[in-house]
**Student:** 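Dropping a structure here in structure tokens format, bear with me for questions.
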Amino acid sequence: MRKDIIKAKEPFRFSTRLHLSELTGLKAKNLREFLRLLKTVKGSCIYYHTHRYLQQHQYLSPEPPNDFAYWVTKSLNEDELGEMLASIDTVQFSTIRQLREKIISTISGFMKAHPTSRKKFADEGDEFHFIKAISFVIPTNHIANDLKEFADILEKITIDSIYFHVFEARLRLEKGYNDFSNWIEKSVGDIELAKSISKLDPYTFTLDDLRRTMIMMIRKRIK
Amino acid sequence: MAKIEDYAQIIGQSSIDDLRHIADRLKGKSVQQINSTAVGGGVAEILNRMIPLMRELGVNTKWDVIKGGEQFFAVTKKFHNALHGNKEDLSDKDFEIFLETGNKNASEMEIFGDIVFVHDPQPITLIEKRSGNKWAWRCHVDVSKPDEKVWKFLENYISKYDSAVFSSPVFSHKLSIRQFLISPSIDPLSDKNIELPQETIDQTLKKYKVPDDKPIVTQISRFDRLKDPVGVIEAYKIVKRHIDCSLVLAGGTAADDPEGQLVLEEVREKAGNDPDIHILLMPQNDIEVNALQRASTVIVQKSIKEGFGLTVSEALWKSKPVVASNVGGIPHQIKHKFSGLLCNSVEGAAFSIKQLLNAPSYAKKLGENGKEHIKNNFLITRQIKDYLLLFLSMYYGEDIVYL
């Protein structure tokens, strides 16, 4: 028998986030400079370089290699450090500050253990250029009053919107929780579903797979 | 011409809705775009497509073109080459000619935009007419290692703008103004990129007497030394030792490029009497360019310097395997061995062309990945979105803007 669909206390209004890349003019040619800049650049730089791949190469692979890992591997030939940076479990950090600290401690630890790494330089033109993300958050016309409407909208909204509610809200806006789980728990009252969505590691999905998985979980719940 | 809603079939209706949302936030602002040529070259091509689409979204935008004589364009060509790092013989007289034409344009052109968006160095001095409005300078050139004299000269003007826009992070310099990274794009619904019936492809090959009985390797580019057409012939000759194929070098010359004819002669000389080399000096005919790309087995872009290299995006959009130089914006479009092959020399280009001709299933996979990458990152709708956000950014200073 079909369950009655519970009307949410508050409707969920989908927003979207569009970003513009701002060049900072800051660049590093070796690990020492890289580390120094990592400590001082704005959080929006750390965010950009750890999340850019999710959107630009989202169809390629569910594992988003971050720009830092890519550069130390490709330009400094530090494969081990590259692997360490790529393996940082982004989902366990709830603020950019914590993520930055982890990146910094990984690199400084590696430099201490491998003093020769300080002597490696990137070729001219292959330096690391720090870029920051300027986010524009825009409310869309999509509003869900219950889980059925929510799943229907999830099918058609852009990946930018999913990105905003899942990644940006949780980490960059420091809500610690993704917006979808928050609404499902607080307004729909389905704590179990909210928890299962919250438990997903979004970094190990492509954005479209993440969309499909969440829709499947919601539809199964209201069937 | 395609309407904005027509793009929904490619990028989805919600992405079109997003564009409308941002355009709404620009209501009441006029945007004046200025460049130096109405036809020929990538900038004019993209503006021709973009301006009507922006207007359809409700953005009040107009495109103006500065005027310049033969002498002016000879100087700006030298500037262009110098910005690419070539040694150019630039005299004081050259700078005088540049400034004189700049002054003339400034006195003749009405500046009315709330936002004035200037493309490339030719109209850069118009900033002197600034009067309380917002100005952005769009650099389409690879300025990673520019001639210092020309760069310093231009920097005096650039620093008077509110923002500068580059196509690659390596083109950015230490500047006192905000700098943004915006890649150019292609229009999937333009004559150059739209799907074509096989009949049109066959007719084009017939018209240009290119037989399709052997694999076709093609470079589509203006006849310009920076596109290295001579290097392409050298690479083809290495490939030809092992694989019977033909080479098509097709392109025109831009109105602001006086060197084209000279380069074309060098190319013809290099080709000699090889009946399998087809040098096609084409008038602007986008359908035919499209047909030649679609008829090709492998597409090459062996540029020595490249602002971005839109021909690479065009080829990838058609799911073609591409061999292209590891310069300028090309590595943004091609991830080596994933969505194409990058090369750094004539020999490297030849080796990669051979690989792709000998391994069609590998070539097919690269082409398919390439198309997906272009769809996600290098279509005109993404560039329109970036430009609209750039215009909005001129009114906000924060890293997170709630609209």
Side-chain angles (χ1 to χ4, degrees), chain A residues 14-27 42-45 47-48 52-53 55-61 65 67 70 74 96 124-142 153-162 164 168 172-173 206-208, chain B residues 11-22 24-25 144-145 163-166 168-183 326-327 331-332 335-336 338-339 369 371-373 375-378 382 385-393 396-403:
Chain A
F14 287 79
S15 288
T16 191
R17 164 270 197 196
L18 301 170
H19 94 269
L20 187 61
S21 306
E22 182 167 349
L23 298 156
T24 63
L26 300 169
K27 58 182 178 180
K42 291 186 84 170
S44 46
C45 276
Y47 183 74
Y48 177 90
R52 180 182 71 94
Y53 250 85
Q55 280 188 294
Q56 288 189 357
H57 297 277
Q58 47 88 17
Y59 66 98
L60 286 184
S61 97
D67 288 342
Y70 187 74
K74 184 180 145 277
I96 293 285
E124 197 186 337
D126 214 9
E127 299 90 352
F128 189 90
H129 293 262
F130 284 88
I131 299 171
K132 66 177 184 175
I134 308 295
S135 296
F136 294 82
V137 181
I138 309 167
T140 71
N141 296 328
H142 297 298
I153 294 170
L154 258 188
E155 274 201 349
K156 57 188 176 194
I157 55 168
T158 59
I159 55 169
D160 297 300
S161 183
I162 295 177
F164 172 74
E168 192 128 2
R172 193 175 186 196
L173 306 181
T206 66
L207 284 167
D208 270 327
Chain B
I11 60 165
Q13 185 60 47
S14 297
S15 296
I16 302 292
D17 295 342
D18 282 355
L19 289 177
R20 292 194 190 283
H21 286 308
I22 329 170
D24 274 352
R25 304 306 201 275
S144 50
K145 287 183 210 158
S163 301
V165 181
F166 297 94
S168 165
V170 294
F171 300 166
S172 69
H173 289 252
K174 271 208 174 125
L175 294 173
S176 54
I177 58 172
R178 290 181 90 181
Q179 304 180 58
F180 294 96
L181 173 66
I182 299 180
S183 309
N326 189 17
V327 295
H332 295 288
K335 292 284 157 235
H336 185 51
F338 192 86
S339 48
N369 285 344
K371 179 167 187 174
E372 195 64 21
H373 187 50
K375 182 181 153 191
N376 283 318
N377 298 294
F378 299 110
R382 193 273 311 146
K385 180 202 78 181
D386 282 354
Y387 278 171
L388 299 184
L389 293 178
L390 167 76
F391 302 151
L392 281 173
S393 77
Y396 298 91
E398 308 86 8
D399 290 352
I400 300 175
V401 179
Y402 291 90
L403 293 173

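Side chains are part of it too, since the values below use all heavy atoms of this structure and drop only hydrogens, waters and symmetry mates. Numbered from 1 within each chain, the chains take letters A, B, ... in sequence-line order.
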**Student:** Looking at R25(B) and P139(A), what are the two nearest heavy atoms and their distance?
**Tutor:** NH2-CD, 3.8 Å
**Student:** Could you walk me through whether L181(B) and H129(A) pass side-chain contact (heavy atoms from CB on, under 4.5 Å), step by step?
**Tutor:** CA-CA 11 Å; L181(B) 173 66; H129(A) 293 262; over 6 Å; no
**Student:** Within a strict 4.5 Å, meaning less than it, do heavy atoms of the S393(B) and E22(A) side chains meet?
**Tutor:** no
**Student:** Most heavy-atom pairs under 4.5 angstrom with chain A, which of L175(B), L389(B), L403(B)?
**Tutor:** L389(B)
**Student:** Using the ring pair (Phe, Tyr, Trp, His ring centres under 6.0 Å) criterion, which residues pair with H336(B)? Sequence neighbours excluded.
**Tutor:**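 Once residues adjacent in sequence are excluded, H336(B) has no partner under the ring pair (Phe, Tyr, Trp, His ring centres under 6.0 Å) criterion.
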**Student:** For K145(B), which atoms come within 4.5 Å of any heavy atom of chain A: side chain, backbone, both, or neither?
**Tutor:** side chain
**Student:** List the atom of S14(B), the atom of I157(A), and the distance in Å for their closest heavy-atom pair.
**Tutor:**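 What the structure gives for the nearest pair is OG-CA, 3.6 Å.
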**Student:** Nearest 0.5 Å, what's the CD-OG1 distance between Q179(B) and T24(A)?
**Tutor:** 8.5 Å
**Student:** Can you name the nearest heavy-atom pair linking D386(B) to H19(A), along with the distance?
**Tutor:**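 Where D386(B) meets H19(A) most closely, the heavy atoms are OD1-O, 3.9 Å.
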**Student:** Does S135(A) reach the main-chain N or O of I400(B) with its side chain, forming a donor-acceptor pair under 3.5 Å?
**Tutor:** no
**Student:** T158(A) versus I11(B): any side-chain heavy-atom pair under 4.5 Å?
**Tutor:** no
**Student:** Which pairs pass salt bridge (charged side-chain N to carboxylate O under 4.0 Å, His left out) with one or both residues in residues 12-22 of chain B, sequence neighbours excluded?
**Tutor:** E5(B)-R20(B)
**Student:** With a 4.5 angstrom heavy-atom cut-off, could you sort out which part of N141(A) is near chain B: side chain, backbone, both or neither?
**Tutor:** both
**Student:** Is chain B contacted by the side chain of E127(A), its backbone, both, or neither, given a heavy-atom distance below 4.5 Å?
**Tutor:**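 Neither; nothing under 4.5 Å.
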**Student:** Could you look at E398(B) and say if it's the side chain, the backbone, both or neither that has a heavy atom under 4.5 Å from chain A?
**Tutor:**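 Looking at E398(B), just its backbone touches chain A.
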**Student:** Counting only non-hydrogen atoms closer than 4.5 Å, does S15(B) touch chain A with its backbone (N, CA, C, O), its side chain (CB onward), both, or neither?
**Tutor:** both
**Student:** Between I131(A) and chain B, which part of the residue has a heavy atom less than 4.5 Å away: side chain, backbone, both or neither?
**Tutor:**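 Side chain only.
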**Student:** Could you grab the distance from atom CZ of F136(A) to atom CD1 of I22(B), nearest 0.5 Å is fine?
**Tutor:** 8.5 Å
**Student:** Check the pair V170(B), K27(A) against side-chain contact (heavy atoms from CB on, under 4.5 Å), reporting the backbone distance first and the verdict last.
**Tutor:** CA-CA 9 Å; V170(B) 294; K27(A) 58 182 178 180; over 6 Å; no
**Student:** Taking G25(A), G43(A), S15(A), S44(A) one by one, which has the highest count of heavy-atom pairs under 4.5 Å against chain B?
**Tutor:**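 Option with the top pair count is S44(A).
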**Student:** In Å, rounded to the nearest 0.5 Å, how long is the span from CD1 of I159(A) to CG of N376(B)?
**Tutor:** 6.0 Å
**Student:** How many angstroms lie between atom NZ of K132(A) and atom CZ of F180(B), to the nearest 0.5 angstrom?
**Tutor:** 8.0 Å
